[in-house]
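Right, one structure below, let's go through it.
We name chains A, B, ... by the order of the sequence lines, and we start the count at 1 in each one.
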Amino acid sequence: MGKNINIKMGRYEVNTPPVVLTAIGIGSCVAVCLYHNHKNTGGLAHVMLPAKEGKNSMKRADNLIESLVTDMKNKGITNQDIEAKIFGGASLFDHATNIGERNVESVKKELSKRDIDIIAEDTGGDKGRSVWLDTKNGSVVVSQVKGPTKRF
Amino acid sequence: MKEEERLDALREISHIGAGNASKALSQMVGKKIDVEFPDINMVRIEEVAMEFGSPADMVTTVAINLQLDKNGDRKPMGEMLIIMKEKAAKNLSSSMLTGMGQSESKKTKQINESALKEMGNILTGSCLSAITEYVDEKFIEGVPEIAIDMLGSIIDGFLLDIAEYEDEVMVFKTEFSSKEEIDASFIIFFEPEAREIILDELIENMF
């Protein structure tokens, strides 16, 4: 197992092996995992809020994904070579708002705008998730409380 | 008046609120419960989980939505949470049920959960009644819900609604403890607009 780096809400990071990028205890937030196979480079953005016109903030899907993609571009990776996996967007209480759902929608829109394919997703539901992106091979382990650990 | 002084007014009230809440809780569980001096602070949204532990901590949480009724106009006020380790949740509900004369065999998961929800109602009510003394608004409590999950996952949804408008959230926090391992955090997150209404009225009526 490589070295874990936890990405907090509203942050992102691009890294290479042996680093494992993690987002621990996400609920309605969305972890966007990007990966380039040949360059063994992965990036993770911990999105808090959907994109909103006129609102420029690192909490939001558009700004975070743009920064993540720019960082990867600086390492010589074009959008066509990136594969995306997205996780989170749960709603743990019935009386909570649909912020999780709106986050997932917004993340999908921002990725599609940039021609980035989503090859795996585990979103929605009423349980939190922890996510580990291994930059060695792009595989993502997702664990939930009282549920099976899944690999994507 | 500076923001810190405004918060001081609310701190003062919250001492009374927490005192009420601890009395109510001690009666419910039939044991002496110690209540830490409550604190009210503005906390950066991404740092809130760290105030209560680590985002991965497994916790049982009772959540109650709060609304403020301003002359018939309802506004979101925030969220009240009681966060406990699983063991503490079991001990708390068990003590409550014993206090109510419930036999061991009747303590099913469902009954334990309704005991915790009831605890949420009583604590919220006793805490809010301290504020109502000085604030001329009605508070409306939602129906309590329970979730058992990671601390980070539990609170991020409520915080994101506030993050739409602000980078910091006003957090009311106090800790309950007792010899019998029934430690719990009692928390209220305030929505920005309701926070301003409450603070303004407090200042006006207290001084």
Heavy-atom side-chain contact between B:I146 and A:F93 under 4.5 Å: no

Gap between atom CG of B:L159 and atom CE of A:M9 - 0.5 Å precision: 6.0 Å

Residues B:E46, A:R11: salt bridge by 4.0 Å N-O rule: no

Contact winner vs chain A - B:A163, B:P55, B:A56, B:G157, heavy-atom pairs under 4.5 Å: B:A163

NZ/NE/NH1/NH2 to OD/OE distance under 4.0 Å, B:D167 and A:K59: yes

Atom group of B:D161 that falls short of 4.5 Å from chain A, counting heavy atoms: side chain

Part of A:K8 within contact of chain B (heavy atom distance under 4.5 Å): side chain

Residue selection (most heavy-atom pairs with chain B, distance under 4.5 Å) from A:Q144, A:H46, A:R129, A:K55: A:R129

Reported CG-to-NE2 distance for the pair B:N65 and A:H95, which is rounded to 0.5 angstrom: 5.0 Å

Side chain / backbone / both / neither for B:L160 at chain A, heavy atoms under 4.5 Å: both

Interatomic distance, A:L92 atom CG to B:E145 atom CD [nearest 0.5 angstrom]: 10.0 Å

Proximal component of A:N103, with respect to chain B [non-hydrogen, under 4.5 Å]: side chain

Interatomic spacing from SG in A:C29 to CG in B:D156 - rounded to 0.5 Å: 4.0 Å

Proximity breakdown for B:E79 and chain A, heavy-atom pairs closer than 4.5 Å: side chain

